[in-house]
Protein chains: 2
Amino acid sequence: MATIYEVSELAGVSLATVSRVVNKNARVSDKTKEKVLNAMKELGYKPNSIAQSLASNRSNSIGLLVSELHGPFFGAMMSGIEAELRAAGKHTIIASGHSDEKTEQDSIEFLVGRKCDALILHAEAVSDEFLLELSKGTTPFVIINRIVPGIEEHCISLDNEHGGYLATKYLIEKGHTQFAYVSGPNWKKDARDRYAGHLRALAEQGLTQHPKLLVEGNFQQSGGRYGLEQCLSANLPFTALVCGNDEMASGAITRAREADLSVPDDFSIIGFDNIIYADYLFPKLTTIEYPVQKMGQMAAKLILANTYRIETGELTTEFTPRLIERDSCVNL
Amino acid sequence: MATIYEVSELAGVSLATVSRVVNKNARVSDKTKEKVLNAMKELGYKPNSIAQSLASNRSNSIGLLVSELHGPFFGAMMSGIEAELRAAGKHTIIASGHSDEKTEQDSIEFLVGRKCDALILHAEAVSDEFLLELSKGTTPFVIINRIVPGIEEHCISLDNEHGGYLATKYLIEKGHTQFAYVSGPNWKKDARDRYAGHLRALAEQGLTQHPKLLVEGNFQQSGGRYGLEQCLSANLPFTALVCGNDEMASGAITRAREADLSVPDDFSIIGFDNIIYADYLFPKLTTIEYPVQKMGQMAAKLILANTYRIETGELTTEFTPRLIERDSCVNL
DNA sequence: TTGTAAGCGTTATCAA
DNA sequence: TTGATAACGCTTACAA
C-alpha cells in the first residue's frame, strides 16, 4: 500500500502538503493540488485510517452497541442509525452485548479503544454507575431505550409504561376484563415498565389478573409459545392475551393455532414494538408502535450535532408509543 | 487515558517490558511482571488498540460486509459470524453495502483501511474483477454466497440452482403442473440461479410456464405482494406459486388472504431460505433451507484457520440446500 | 502557500 | 530477561 510519503515524493512536495489535499481543509494552490492528486491516483493511494486516527485522535466512526445482531428490533435500529451516519460520511462500527454485563463492558471498551468519536449504546445489563463513570470519560455517547439518572440528556427513550397502559386500556375499552400477560424477562426495565402500564390500566378500572395468568417470557417467539401454554394449562378463563412484544405475540398465535384456538375469536392478542412483519402475521397484529428506527436516527443526529457540529434538524430524546390497530383484537 | 509510557514509569521498567506483559508472548520474570500488572491496575491502563494496530499491522478484528443490517437473512449471518469470532477473541466490524456497487467498494475500502486482519464479504454488486484485484492485496477475505472464478477456495456458497430445482421438483411430485414464479431481482446471481433450477425441474417433465406468470420481485415482502397481484391479474390458471425467497412468500400469503384466497387450498406456496419465522407464518411455510448461519460460522472458521492459525474443526466451502416440508403445499 | 519536525501509543529489532 | 530506539502512517503547530 502506498503511503503519504511516496505520494509526496512522486509529487515533489512535502508530507504536509499531501495531507492538506487529502483533508481538504487548508488552502493549497491549484497547481500543487493537481500534482498531488495525480500522484495519488498513479499510486492508488488510500489513506491509512488507523494512522489518521492515531495522529488526529478522531476516527470519523461511531461505535454502536446492540444486544443482538439479529431480530427485527435491532435490525431496524441498526439500519436507522447507519443510514443517518453514512449520509454524513461517518462509519458505524457495530458490536453486540448479548444482554450480558461482562460482554457489554468488553464491547464498550473495544469501541472506546478503537477511538470511536462517539458511541450509541443499547446497553441493558451494565449498571447505571458504569454508564455514569463512562460519561466522565472522553468518548461521548447516547443511550437508547434507557434513562440513566444524571445524564438524561443523553438518553433516548420511549415511555414503555405508557405503551403498556395504552395496550391494555384499548382492550378494556373493547370490553375485555379477563387478561393474561406474557412479559419480557423481569430483569429488563422495559419489560417491567410495560407490565406496570398494564397493571395501571387494570387498576384504573378496578380489574385484577390471576397470578397464574402472568408468565415471564424471553421476548422471543419461543417465549410466546411457552407463555400461552402456561396460561392455557392454568385452566382459568381469559379473553385477551397481552404480550410484552410482537415476537412473543407471534409465537403465541402460532401456538394457539396448534391448539385449534382461533385468534381473535377465542381470545384477542396485542403485541408491542410494531416490528416489520407484524403486518404479515395472521391475523395482522394489533400492537403498540415502538419507533425504533426513528429513535436510532435521532441517536445519530444527536451525535452528529454534538460531536461533529453537523445540524440535521430537530432534536428530541423522548418518544411516544402509539396504538396500531389491526386485526388481532375484537370487541367482546 | 493512561499510556504505556506512564505505566513503565510507575513500574520502573522500560516501555518494552510493559509491552511484553501486555502481549503475554515474551518471557518476563514473575517479579517484574507483577510490578507492571500492579501499575497497570493502579492507572486503569487499557492498551490503545489503534496504536497497537498501527505498530503491529494487525488489529484482531475482522471486517464484515453485508448488504443490509436488517432482515432475517443477514441477521442470522451476522450472528453466526460474530459468535464464532468472539469465541476466538476476535472482533467484528460490520459495514453495509446496500447492494450498490459504489457503496460496497467504499465499505470494503473502509474495512481494509481500518486494518482488519481479514474480511468476510457478502458482496453482490461489485464485479468479479474488483474482487480478483482485491485478492492480490494484503487483506485476505472470504466471500459468502458467490463464486468468483479464480478464487473459488475463498468462496462459501450454496447451490442455489439445486435449491430451485428441489422446490419445483417437490411440487411436481405433488401433482402440480401449472406454476407461477416470483423471482428475486434479475441482476442478482442467486435469484437467477434459483429460477434456473426451477426451469430445469420443469423441463425435466416437459412442463412450461406462461411468461405472464413470471414476475420479478425484490426479495422483500412487498415484492411478494406485488408478484401475486401480477400473477392474479394475468388471469391464467396456476396451482403453485414458487417464491424466490421466504420474505416474498410471506408477502404473497398475506396478499392472498386479502384477496380471500386460501393457501394452500387455492394454491400452494413454497419459499427459499428457511428464515427464522418461516415456522411462524400461517400456513407454516414449506421452503428450501439456506443454512446461512452455519455458512457464516464457516466463513469465520476459515479465517480463524487461515489468518490466525486457530483450528476449529472441519472446513468446507460448499453447502447443500434441502427441503423443509411444512404446511404450505398440498397434493393436487 | 509550503515545508520542517514533533508527536500520536504502540510493537519489534537489536544489544546488553 | 531487560532496555534503547527505530519504525508504523499520519496530523498539525510553527516557521519560512
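A note on names: the letters A, B, ... follow the listed sequences, proteins ahead of strands, and every chain is numbered from 1.
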Using a heavy-atom distance cut-off of less than 4.0 Å, which residues of residues 15-23 of chain B contact DNA chain D?
-> B:Ala16, B:Thr17, B:Arg20
Shoot me the first and last contacting nucleotide of DNA chain D against chain B, ordered 5' to 3', at under 4.0 angstrom to non-hydrogen atoms.
-> D:dT1 to D:dG9
Please work out which of the three classes, parallel, tilted or perpendicular, describes the rings of A:His91 and B:Phe110, given edges at 30° and 60°.
-> parallel
Residues B:Asp128, B:Arg146: salt bridge by 4.0 Å N-O rule = yes
Would you check if there is a donor-acceptor pair between the side chains of A:Ser157 and A:Glu318 at a distance under 3.5 Å?
-> no
Between A:Phe73 and A:Phe219, ring centroids under 6.0 Å | no
B:Asn60 CG to C:dT10 P, in whole Å, measures 15 Å
Only distances under 3.5 Å count here; give the side-chain donor-acceptor pairs of residues 76-90 of chain A to other protein atoms, sequence neighbours excluded, each with its distance to 0.1 Å.
residue	atom	partner	partner atom	Å
A:Ser79	OG	A:Gly75	O	3.3
A:Ser79	OG	B:His70	ND1	2.5
A:Glu82	OE1	B:Ser96	OG	3.0
A:Glu82	OE1	B:His98	NE2	3.2
A:Glu82	OE2	A:Arg86	NE	3.2
A:Glu82	OE2	A:Arg86	NH2	3.2
A:Glu82	OE2	B:Ser96	OG	2.7
A:Arg86	NH2	B:Ser96	O	2.8
A:Arg86	NH2	B:Ser107	OG	3.0
A:Lys90	NZ	A:Asn60	OD1	2.7

What integer distance in Å separates A:Asp30:CG from C:dT2:C1'?
-> 15 Å
Which residue, B:Ala26 or B:Ala55, contacts DNA chain D at a nucleotide closer to its 5' end, judged by nearest heavy atom?
-> B:Ala26
Looking only at heavy atoms, what is the nearest atom pair of A:Asp100 and A:Thr103, with distance?
-> OD2-OG1, 2.7 Å
Between C:dG9 atom P and B:Asn48 atom CG, what is the distance in whole Å?
-> 7 Å
Please confirm whether the backbone N or O of A:Pro47 pairs with a side-chain atom of A:Gln52, one donor and one acceptor, at under 3.5 Å?
-> no
What integer distance in Å separates B:Tyr5:OH from C:dT11:P?
-> 17 Å
Using whole Å, report how far CZ of A:Arg114 lies from C1' of C:dC8.
-> 15 Å
What is the distance from CD of B:Glu6 to C1' of C:dT10, rounded to the nearest Å?
-> 14 Å
note: B:Lys115, atom NZ; C:dT11, atom P; distance rounded to Å ~ 17 Å
I would like to know whether B:Asn160 and B:Tyr290 meet side-chain hydrogen bond (donor to acceptor under 3.5 Å, both in side chains); could you show each step before the answer?
-> CA-CA 9 Å; B:Asn160 280 296; B:Tyr290 193 122; 5.0 Å; no
Looking across every strand, which nucleic acid part, if any, lies under 4.0 Å from B:Thr32 by heavy atom: base, sugar-phosphate, or nothing?
-> sugar-phosphate
Side chain A:Ser53, main chain A:Ser49, donor-acceptor under 3.5 Å = yes
With sugar-phosphate meaning primed atoms plus P, OP1 and OP2, does A:Lys31 contact a base, only sugar-phosphate, or nothing at under 4.0 Å between heavy atoms?
-> nothing
Let me know the distance between CD1 of A:Ile4 and C1' of C:dA5, rounded to the nearest Å.
-> 14 Å
